[in-house]
Amino acid sequence: MAGKREVGEGKFSPKKLLVYVSLIIGSLVSLFPFYYMFVMATRLNREINQVPPPFIPGKHLVENFQKVLSSIDFFGAMWNSFFVATTVTLGTLFLSSLAGYAFAKLDFKGKSILFGMILVTMMVPPQLGLIPQYYIITTLGWLNDFKAIIIPGLINAFGIFWMRQYIKDGVPYEIIEAAKIDGCSNFRIYWNIVVPMILPAFATLGIIVFMAVWNDFLWPLVVLRDPSMHTLQVALRALNDARLMDYGMIMSGTFWATVPLLIVFLLFNRLFIQSLSEGAVK
């Protein structure tokens, strides 16, 4: 009875209550920018500029979104972003996991040096490679082509590092050795054994890469000149008018551009959390 009483008291201990209250407050603070973006997307300029500003959604969500549709090809740009982000994400997951498996479980000459060189590239700001990368894309004739965004994005140093660490700790050597004894090739081991065991790592890396490509602005702005090829972030730039800033219209476009990211996260939320929790246990 004493043991049960101690468990019951621990369930509602002040320490746990403080943790829950802190988590709730942190969640509300994190969600507030997205909520206020939605509030601005439902208001007109004169309402947004009021003092104090409104914190309750208005009645102009549809009207503001119609302004977005009349200003840019929103759904065309969204499809471009979805196509590019999905292609880069799938390619990155395949190549990064393949390289991660090689670095984690295979022995070959110069493995440590090559892996160190990959890690060094993570320290270089991507803006430094903008000019040489643009020169290469121009030489290949890929300007105003999705290949200029997709192909450079397939190699991801962080993705290789993440997969290497996850496979190294999460895939036992004994399973791989048993598969080799049964005559499996390295690629068959990777495809039939390693891939099913690292699905949580796929979900985590996939969310990170998809969000990064979806939100990328600078490189698509440089290489995509035809408005019909613009990704969503580049297309939203056209909503900024130097003479008249319609904040309700801008926030409406930004809000609907953010919704697909929330959907992707919710779809893979369980695997994402599983990956983080498994990493914490290991």
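Put simply, CG on Leu236 and CE on Met78 are 8.5 Å apart, with the number rounded to the nearest 0.5 Å. Here CE of Met229 is found 6.5 Å from CG of Asn80. Values are rounded to the nearest 0.5 Å. Remark: Ser252 OG to Met37 CE distance equals 10.0 Å, nearest 0.5 Å. In this structure, the separation between CG on Asn45 and CE on Met40 is 8.0 Å, given to the nearest 0.5 Å. Taken from NZ in Lys105 to NZ in Lys168, the straight-line distance is 8.5 Å, to the nearest 0.5 Å.
Below 30°, between 30° and 60°, or above 60°: for Tyr36 and Phe32 the angle between ring planes is below 30°, a parallel geometry.
Between the side chain of Arg164 and the backbone N or O of Gly159 there is no donor-acceptor pair closer than 3.5 Å. Checked by atom type and distance alone, the side chain of Asp246 pairs as donor or acceptor with a backbone atom of Met249 at under 3.5 Å.
Within the structure, side-chain hydrogen bond (donor to acceptor under 3.5 Å, both in side chains) pairs that include any residue of residues 121-140 comprise Tyr134-Arg225 (at least two apart or interchain). Every pair passing side-chain hydrogen bond (donor to acceptor under 3.5 Å, both in side chains) that includes a residue from residues 146-156 is listed here, sequence neighbours excluded: Asp145-Lys147.
The environment of Ile56 atom CD1 is sparse: at most 12 non-hydrogen atoms of other residues, nucleotides or ligands sit within 6.0 angstrom. Other residues, nucleotides and ligands contribute over 12 non-hydrogen atoms within 6.0 Å of the CE atom of Met122. For Phe82, the CZ atom sits in a loose shell: 12 or fewer heavy atoms of surrounding residues, nucleotides or ligands are nearer than 6.0 Å.
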Practice item. Dump the intermediate steps for side-chain contact (heavy atoms from CB on, under 4.5 Å) on Phe146 and Ile150, then the final yes or no. Key: CA-CA 6 Å; Phe146 287 141; Ile150 293 174; 4.0 Å; yes
Practice item. Begin from the C-alpha positions of Thr204 and Ile208 and carry the test side-chain contact (heavy atoms from CB on, under 4.5 Å) through to its verdict. Key: CA-CA 6 Å; Thr204 302; Ile208 294 173; 4.1 Å; yes
Review point. Can you check ring pair (Phe, Tyr, Trp, His ring centres under 6.0 Å) on Phe74 and Trp256, steps first, answer last?
Key: CA-CA 10 Å; Phe74 182 84; Trp256 292 112; 8.1 Å; no
Practice item. Step by step, work out the side-chain contact (heavy atoms from CB on, under 4.5 Å) result for Thr42 and Asn64. Key: CA-CA 7 Å; Thr42 63; Asn64 287 331; 5.6 Å; no
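In summary, the aromatic rings of Phe255 and Phe65 are positioned with their centroids too far apart to meet the 6.0 Å limit.
Applying the side-chain hydrogen bond (donor to acceptor under 3.5 Å, both in side chains) rule to His60 yields the partners Glu63; only residues at least two apart in sequence or on another chain are considered. Tyr101 is linked by a side-chain hydrogen bond (donor to acceptor under 3.5 Å, both in side chains) to nothing, counting only residues two or more places apart in sequence or in another chain.
Within the 4.5 Å cutoff, the side chain of Val209 has no heavy atoms near those of the Phe158 side chain.
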For a quick test of your reading: what N or O donor-acceptor pairs under 3.5 Å do the side chains of residues 215-224 make, sequence neighbours left out?
residue, atom, partner, partner atom, Å
Asn215, ND2, Met211, O, 3.1
Trp219, NE1, Ala148, O, 2.8

Which atom pairs, donor and acceptor, lie under 3.5 Å between side-chain atoms of residues 173-196 and protein residues at least two apart or in another chain?
residue, atom, partner, partner atom, Å
Tyr173, OH, Ala104, O, 3.1
Ser185, OG, Arg188, N, 3.3
Tyr190, OH, Ser97, OG, 2.6

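The two residues Leu232 and Ser81 come nearest to each other via the heavy atoms N-OG, 2.6 Å.
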